[in-house]
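The structure appears right after this line, and notes come after that.
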Amino acid sequence: MSNKEILLFDTKSRKLQPLVSSNGKNLRIYSCGPTVYRDAHVGNMRTFLLGDLITRLAKSLDHSVEFIQNITDVGHMSEDFVEDKMLAQAKAESKDPFEIARTYEKRFHADLKTLNINPADSYPKASECIDLMHDLIERLIKSNNAYVGSDECVYFDAQSFAGYGAISGNRLDSLKPGHRFEYTEDGAKRFHADWALWKAAVGRSEMIWDSPWGKGFPGWHIECSAMSLHYLDKFVDLHLGGIDLRFPHHENERAQSNAAINQDAVALWVHGEHLLFEGRKMAKSTGNVVLVSDLKAKHIDPLALRLCFLENRYRSQMDLSWDSLKAAHLLLQRWRQKVQSWKNDKEVDQAAVQRFIDEIVADLRQDLDTPRALQKLRGIEKSETISAANKYQIFIAADKVFGLDLDRQPYKNELPTQLAQLLEQRVQARTAGNFAESDRLRDLLAENKVVVRDSKEGQSWDWLI
RNA sequence: GGUCGGAUGGCCGAGAGGCGAGGCUCGGGACUGCAAAUCCCGCUACACGGGUUCAAAUCCCGUUCCGACCUCCA
């Protein structure tokens, strides 16, 4: 294995596979993006971090990368479009559905930025790619992979695609109709596992478009096929997404794309595992949804979340908790302090530094083994034989991929004026030797989540988390 | 029912056949007006039953328990 090769676990072959550029120029990467009908929660962020880590690593190894992530701003998430999520949210907020989409899209980008997740090269929107989807559907009808049903919807003929099920391990003959949701067989589909490529508008009046098959809106899976084939020029070296998209979304996307170009459209399928919060899957119905903004409100550095993610392998389920976030926050603060203290030392041994960096990068190239790489960093931090200057160089180099802003002063939310005044009063009380008063103020500040420390240099404070 | 993962000290969590990762909490000490922070010391675990091996948390077989997914979903 060359020292620029990145190995990733491919869901379809169930093996580690090298990430290679099929056109010899750049790595073409596609990631399923958010549906912008609500704020993305930290579980979504874990999946989006996966794309960031891979692209940062690839770029640090001098690969050229083209990274596309879609924005789903068209409501087609449900078979039953009465419950469509985009339209339901628009109704709930009494707004135009596209206004909802733009609002949450903006917040999605803001959250990425907060977590140092570098932006993709482009974010095509489903609503702006309707023509691409039409072209693709027409092509699939011509090749006999799709048909117009008696209800004017266009369906993909699942049985027409021989390799169906290769990603998820599902087989068409074992897929039972109506497994989970009430499903009424109305006879419009020829086979229960066929899925809609284009849905007729019927009673819907918003978010619909003209099409060769009448007014309607795209099916759930077609946008990713259309966009990835178009924007990445008919081949994807790496396709990313959350584990739950493995089936049916990626299975169906694969059938559509491969049928359309009559060959494999994706080399590697890589899936990020789910994030649990305090033992349970993060979901609105469970009531344990955590947003990036919730971290800031608790005075936790949002990058502590990033560090928590890095401490776990991307394809293991991980259980996040306020305790683990707090621990990561404190580690981050400690590292930033140490990095600042190492900065002034100038005794760099470039060869030694490079050896450590190579070891860390080797861990990352091995299916993004971030926990192992972080363990190396902890070892380097504690080492008594590595000079401060070398430690500084190693941490800064590692941070290019980790993205933890290690060369920065510790994170701190701003202090409200009222609390700043209490701090000032405490300094005066202490100067006057009035320890009863200074202790009272310390308790008062603690009630307001501010912890006070005294040292030879004087009083300092931090948010209690 | 099917598929895929897990089970490691008070808690979280990494483990690549052979030196008990690391973090958090807790206890002791130094420091401090008292604290906090920091530093030092302490707390010796791998679900169960077999097997392979000189040597098993790690490999093999079986058992129990837990989780996720199985046509909304990152």
Side-chain angles (χ1 to χ4, degrees), chain A residues 11 14 31-35 37-38 40-51 72 76-80 83-85 88 158 168-171 174-181 183 192-196 220-221 240-249 251-252 271-276 278-285 307-308 311-321 323-331 333-334 337 363 366 369-379 381-382 430 433-436 438-439 442-443 445-446 451-456 459-462 464:
Chain A
T11 309
R14 279 145 240 249
S31 175
C32 288
T35 303
Y37 71 99
R38 57 154 169 78
H41 57 61
V42 296
N44 302 120
M45 291 297 147
R46 187 185 186 200
T47 305
F48 301 144
L49 175 65
L50 181 57
T72 299
H76 53 46
M77 299 309 293
S78 180
E79 281 285 299
D80 175 4
E83 291 179 36
D84 179 278
K85 290 180 177 176
S168 62
N170 283 325
R171 290 193 325 226
S174 58
L175 281 174
K176 297 271 188 301
H179 173 80
R180 187 157 161 187
F181 289 92
Y183 173 78
H192 63 78
D194 292 351
W195 63 90
W220 179 22
H221 316 291
L240 299 167
I243 190 70
D244 52 301
L245 296 185
R246 188 180 37 177
F247 183 83
H249 181 60
E251 205 64 80
N252 294 1
H271 292 100
E273 251 297 353
H274 271 149
L275 173 76
L276 310 183
E278 304 195 322
R280 305 176 69 189
K281 184 175 149 175
M282 188 170 292
K284 227 175 194 171
S285 55
L307 178 55
C308 281
E311 285 181 308
N312 289 268
R313 202 76 178 270
Y314 77 91
R315 60 188 173 93
S316 320
Q317 246 173 38
M318 73 168 277
D319 188 14
L320 189 72
S321 63
D323 276 352
S324 56
L325 283 166
K326 187 177 160 184
H329 176 92
L330 294 172
L331 175 62
Q333 303 285 65
R334 190 181 83 211
Q337 271 166 13
D363 290 335
Q366 190 67 27
D369 197 343
T370 49
R372 183 176 290 273
L374 283 174
Q375 193 178 323
K376 292 224 167 81
L377 272 191
R378 288 182 206 266
E381 177 202 352
K382 294 273 157 75
R430 262 172 56 79
N434 187 350
F435 294 119
S438 76
D439 289 353
R442 184 165 62 197
D443 291 344
L445 283 157
V451 58
V452 184
R453 287 187 283 268
D454 299 312
S455 72
K456 288 192 177 67
Q459 173 180 280
S460 63
W461 68 276
D462 211 341
L464 183 69

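These figures come from a predicted structure and were not determined experimentally. Throughout, a chain's letter reflects where its sequence line sits, starting with A, and its residues are numbered from 1.
Between the CZ atom of R313(A) and the C1' atom of C12(B) there is a distance of 19 Å, rounded to whole Å. Rounding to whole angstrom units, CG of residue L307(A) and P of G13(B) are separated by 15 Å. Atom C1' of nucleotide A7(B) and atom CD of Q317(A) are separated by 13 Å, given to the nearest angstrom. Residue L276(A) contributes atom CG, which lies 11 Å from atom P of G67(B) at whole-angstrom precision. Between the CG atom of D244(A) and the P atom of G5(B) there is a distance of 18 Å, given to the nearest Å. The interatomic distance linking H249(A) (NE2) with C69(B) (P) rounds to 18 Å, in whole Å. The separation between N44(A) atom CG and A74(B) atom C1' is 5 Å, rounded to whole Å. For the pair D369(A) CG and G13(B) P, the computed distance is 16 Å after rounding to whole Å.
Here the separation of G29(B) from C11(B), taken at their C1' atoms, is 25 Å to the nearest Å. Taking atom C1' on both nucleotides, G51(B) is separated from U3(B) by 28 Å, rounded to a whole Å. Comparing the same atom, P, in U38(B) and in C69(B) gives a spacing of 38 Å after rounding to whole Å. Going from the C1' atom of A21(B) to that of C12(B) covers 14 Å, rounded to whole Å. Nucleotides C54(B) and A14(B), compared at atom P, are 32 Å apart to the nearest Å. Distance check on atom C1': G13(B) versus C24(B) gives 10 Å, rounded to whole Å. Taking atom P in both U8(B) and G49(B), the straight-line distance is 16 Å, to the nearest Å. Straight-line distance between the C1' atoms of A74(B) and U63(B): roughly 35 Å, to the nearest whole Å.
Side chain R246(A) to base C69(B): no donor-acceptor pair is found below 3.5 Å. Side-chain N/O atoms of D454(A) and base N/O atoms of C34(B) include a donor-acceptor pair closer than 3.5 Å. With hydrogens and angles left out, the side chain of D439(A) and the base of G33(B) share a donor-acceptor pair within 3.5 Å. Between the side chain of R315(A) and the base of G5(B), no donor-acceptor pair of N or O atoms lies under 3.5 Å. Residue-to-nucleotide contacts include no donor-acceptor pair under 3.5 Å from the side chain of R46(A) to the base of A74(B).
Across every strand in view, A37(B) sits unpaired, with no contact that passes the Watson-Crick or G-U test at under 3.5 angstrom. With both pairing distances under 3.5 Å, A21(B) is matched to nothing as a Watson-Crick or G-U wobble pair. When Watson-Crick and G-U wobble pairs are counted only if both distances are under 3.5 Å, G42(B) pairs with C26(B). Across all strands shown, G2(B) is found opposite C69(B) as a Watson-Crick or G-U wobble partner, with both distances under 3.5 Å.
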Detail all sub-3.5 Å separations between protein N/O atoms and N/O atoms belonging to nucleotides 22-26 of chain B.
residue	atom	partner	partner atom	Å
G22(B)	O2'	R378(A)	NE	2.9
G22(B)	O2'	R378(A)	NH1	2.9
G23(B)	OP1	K382(A)	NZ	2.6

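Out of C72(B), G13(B), A74(B), the shortest distance to the side chain of D319(A) is found at G13(B). Of the candidates A35(B), G33(B), C69(B), the closest approach to any side-chain atom of R442(A) belongs to A35(B).
Under the 30°/60° scheme for interplanar angles, the aromatic rings of H249(A) and H221(A) are found to be tilted.
Between M45(A) and A40(A), the shortest heavy-atom distance links the atoms CE-CB, 3.5 Å. Here the closest heavy-atom approach between residue L245(A) and residue C32(A) is recorded as CD1-CB, 3.6 Å. Residue N312(A) comes nearest to P371(A) through the heavy atom pair C-CG, 3.8 Å, listed as atom of the first residue, atom of the second, then distance.
Residue N170(A) places none of its side-chain N or O atoms closer than 4.0 Å to OP1 or OP2 of U3(B). In this structure, R38(A) reaches the A74(B) phosphate: one of its side-chain N or O atoms is under 4.0 Å from OP1 or OP2.
Comparing S321(A) and A436(A) against RNA chain B, the residue whose closest nucleotide sits nearer the 5' end is S321(A). Heavy-atom nearest nucleotides on RNA chain B were determined for I243(A) and for Q337(A), and the one closer to the 5' end corresponds to Q337(A).
Side-chain contact between R378(A) and K382(A): absent, with no pair of heavy atoms (C-beta onward) separated by less than 4.5 Å. Proximity of D462(A) to Q333(A): side-chain heavy atoms (C-beta onward) are separated by under 4.5 Å at one or more points.
Between D439(A) and R442(A) there is a salt bridge, with a side-chain nitrogen of the basic residue lying less than 4.0 Å from a carboxylate oxygen of the acidic one.
Here R246(A) contributes atom CZ and E251(A) contributes atom CD; the two are 9.5 Å apart, rounded to the nearest 0.5 Å. Considering OG1 of T35(A) and CG of N44(A), their distance stands at 9.0 Å, rounded to 0.5 Å.
Within the nucleic acid shown, S438(A) comes within 4.0 Å of at least one base atom, counting heavy atoms only.
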